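The structure presented is a predicted model; accordingly, all values stated were derived computationally and were not measured. Values below: every heavy atom of this structure, side chains too, minus hydrogens, waters and symmetry copies.
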Amino acid sequence: MPGICSVFLLVVLFAHSCHGFYLPGSYMHTYSTSDTIVAKVNSLTSIETELPFSYYSLPYCKPLGGIKKSAENLGELLMGDQIDNSPYRFKMNVNESLYVCTTSPLNEHEVKLLKQRTRDLYQVNMILDNLPVMRIAKQNGVSIQWTGFPVGFTPPNSNDDYIINHLKFKVLVHEYEGSGVQIIGTGEEGMGVISEADKKKASGYEIVGFEVTPCSVKYDPEVMTKLHMYESISPVNCPLELDKSQIIRERERISFTYEVEFVKSDIRWPSRWDAYLKMEGARVHWFSILNSLMVITFLAGIVFVIFLRTVRRDLTRYEELDKEAQAQMNEELSGWKLVVGDVFREPDCAKLLCVMIGDGVQITGMAAVTIVFAAFGFMSPASRGMLLTGMIILYLFLGIAAGYAAVRLWRTLKGTSEGWRSISWSVACFFPGIVFVILTVLNFILWGSKSTGAIPISLYFVLLSLWFCISVPLTLVGGFLGTRAEAIQYPVRTNQIPREIPARKYPSWLLVLGAGTLPFGTLFIELFFILSSIWLGRFYYVFGFLLIVLLLLIIVCAEVSVVLTYMHLCVEDWRWWWKAFFASGSVALYVFLYSINYLVFDLQSLSGPVSAILYLGYSMIMAIAIMLSTGTIGFITSFYFVHYLFSSVKID
């Protein structure tokens, strides 16, 4: 008891000494007046092509000290992000109108590139203090928020294109007053460090918003070239007339300028991402969940009837008979009781089944842990690429679970551990191998397009190193643990001669494929939001809803698979193994078909065969992952259902 009290006291003291922190984002920066803040630029992106390109692939102004790339994590590199410094710099709380540079006369290649990027609706993605720039546009009287601003615009019924060369920035700042904030103060007498005594009273400014109004302004290049970078100019009103806008054509010299206005805001730093993460259509999410609950209730009713009325009644009646009566009843058995000697017969392609179950366990575990962490705010969009990086790391370390599950199932089917190394190697290479082949094909396409979305050769070696130095060894460790685990014992013996399966009026696979519609009904609304976030550049951060949908999906997959397995056993079809897997796994077929539907009807702006191939390639990876995950859930549930069902049958 004294030991418990001591531990409790230590925890209380430690908790008292800790400082609070903002969980779903990066750490807070505070700035004093006139502090220099430099904006960064990410890759140019378009919802029409889905091919990201470097910002400096276009003839934009370059920073004085040269282009410097920011450190990027694994997720950012895989997503095609390329974050560089920019010539746009601000001074905290100083409103300015500044000149940046004037380009040399545009040549034919630059004009062609600018026109192509403009007509493909490419957006410039700028970042200030880790906040993406936001543009607010009005359509039919409704304010619509967009991240980034266009490279240029093409007026209706015109062949001319105009470049965005003047940016009006509005930076929202919140005055912060807190203890122990060490900042540099700037006064009339110069710059001085705040004394130790004054640190507790120190205050600073946090950046809580970053907005832009893009304009196209025609300048006189003769006048502008006389200016130096960051020289002050007169404020500019965005022209409405096209003859006052900067056209894109050969021999034109384009001058770039910007204005910045600092506006005090009541938005606090922890809430600054709320404007980007405003969730539209919450009712639709709740409708989806309610719809799924109705499906679950319906299926649960069927399972309840199977267990309590049919199975329990048959088993109870069977157990009440004496041995002679049981022997007589054995001759009159019907339905699932007839396949008692074949139900645990080894399935076709047993090794492939074990491998797919192992990979399914790995993918399901990765998805569940990632969504739980994201729902609790550990993977904020403020940390770009963190979600994808976290998923990859989780997948690598869950190789132990994959190897264990696959080898233990192999031992159960074969009755021996022989060949476990082959199973473990296959598990480690099956799904990653499929993904690697698809990504390699897509990468050659991206390399041909000179897109920043192409994975660099160095990153290829990093991914291969992670695969063969972490994932494969851990899968082998999991497989070894699987050989040490006790094999699952079958409750009944298997006959030497397989029983003939009665002819069916319709193919059983038709029922299996149809069963996938129920899990698909659970997730298709969330699938729409996820696809929109991936392909239309929207933020997806309703992980709370996604966690609920994941739980509902697991329940539906389990129930669907159990019901279909029981139906097949009732018609004396003992080959239930693969049917149990694909009863829930067939949802992947509907996911892929829905992805094609989304491409045709919701991504009508997507142009060119390259973009369509990229979309279908990534959709194929997603569908295969969903098949392995949902199929594994259905198979494991069905296996334990069949094990329980026949554990009470006493037929020799």
> Partners of L439 by side chain to side chain contact (heavy atoms under 4.5 Å, CB included), sequence neighbours excluded?
Replying inline: V435, Y618, I621
> Does any non-hydrogen side-chain atom of Y598 lie less than 4.5 Å from one of L527?
Replying inline: no
>> Within this structure, what is the CZ-CZ distance for the pair F545 and F529, rounded to the nearest 0.5 Å?
In response: 9.0 Å
>> Could you work out, with side chain to side chain contact (heavy atoms under 4.5 Å, CB included) as the rule, every residue matching L476, not counting sequence neighbours?
In response: S424, W425, V472
> Any donor and acceptor pair, going by atom type alone, linking the side chain of S619 with main-chain N or O of F592 inside 3.5 Å?
Replying inline: no
> Has M620 got more than 12 heavy atoms of other residues, nucleotides or ligands less than 6.0 Å from its CE?
Replying inline: no
> Considering residues at least two apart in sequence or located in another chain, which fulfil the side chain to side chain donor-acceptor pair (under 3.5 Å) criterion with S422?
Replying inline: K351
>> For T370, give me all partners under side chain to side chain contact (heavy atoms under 4.5 Å, CB included), at least two apart in sequence or on another chain.
In response: M366, M379, L387, M391, L394
>> Once ring pair (Phe, Tyr, Trp, His ring centres under 6.0 Å) is applied, what residue pairs with a partner in residues 341-373 remain, sequence neighbours excluded?
In response: F344-Y490, F373-F378
> What pairs of residues pass the ring pair (Phe, Tyr, Trp, His ring centres under 6.0 Å) test when at least one of them lies in residues 455-481, not counting sequence neighbours?
Replying inline: F436-Y460, F436-W467
>> Going by the rule side chain to side chain donor-acceptor pair (under 3.5 Å), which residues pair with N443 if we only count those two or more places apart in sequence or in a different chain?
In response: none
>> Please list all pairs meeting salt bridge (charged side-chain N to carboxylate O under 4.0 Å, His left out) that have one or both residues in residues 576-601, counting only residues at least two apart or in different chains.
In response: D573-K579
> side chain to side chain contact (heavy atoms under 4.5 Å, CB included) with T45: which residues, sequence neighbours excluded?
Replying inline: P52, Q123, N125
>> Hydrogens and angles aside, do S561 and S638 bring a side-chain donor and acceptor to less than 3.5 Å of each other?
In response: yes
> Who are the side chain to side chain donor-acceptor pair (under 3.5 Å) partners of T483, not counting sequence neighbours?
Replying inline: none
> Would you say the side-chain atoms of Y395 pair up with the backbone N or O of S471, donor to acceptor, closer than 3.5 Å?
Replying inline: no
> Residues two or more places apart in sequence or in another chain: which of them pass side chain to side chain donor-acceptor pair (under 3.5 Å) with R575?
Replying inline: none
>> Going by salt bridge (charged side-chain N to carboxylate O under 4.0 Å, His left out), name the pairs with one or both residues in residues 396-418, residues two or more places apart or in two chains.
In response: E346-K414
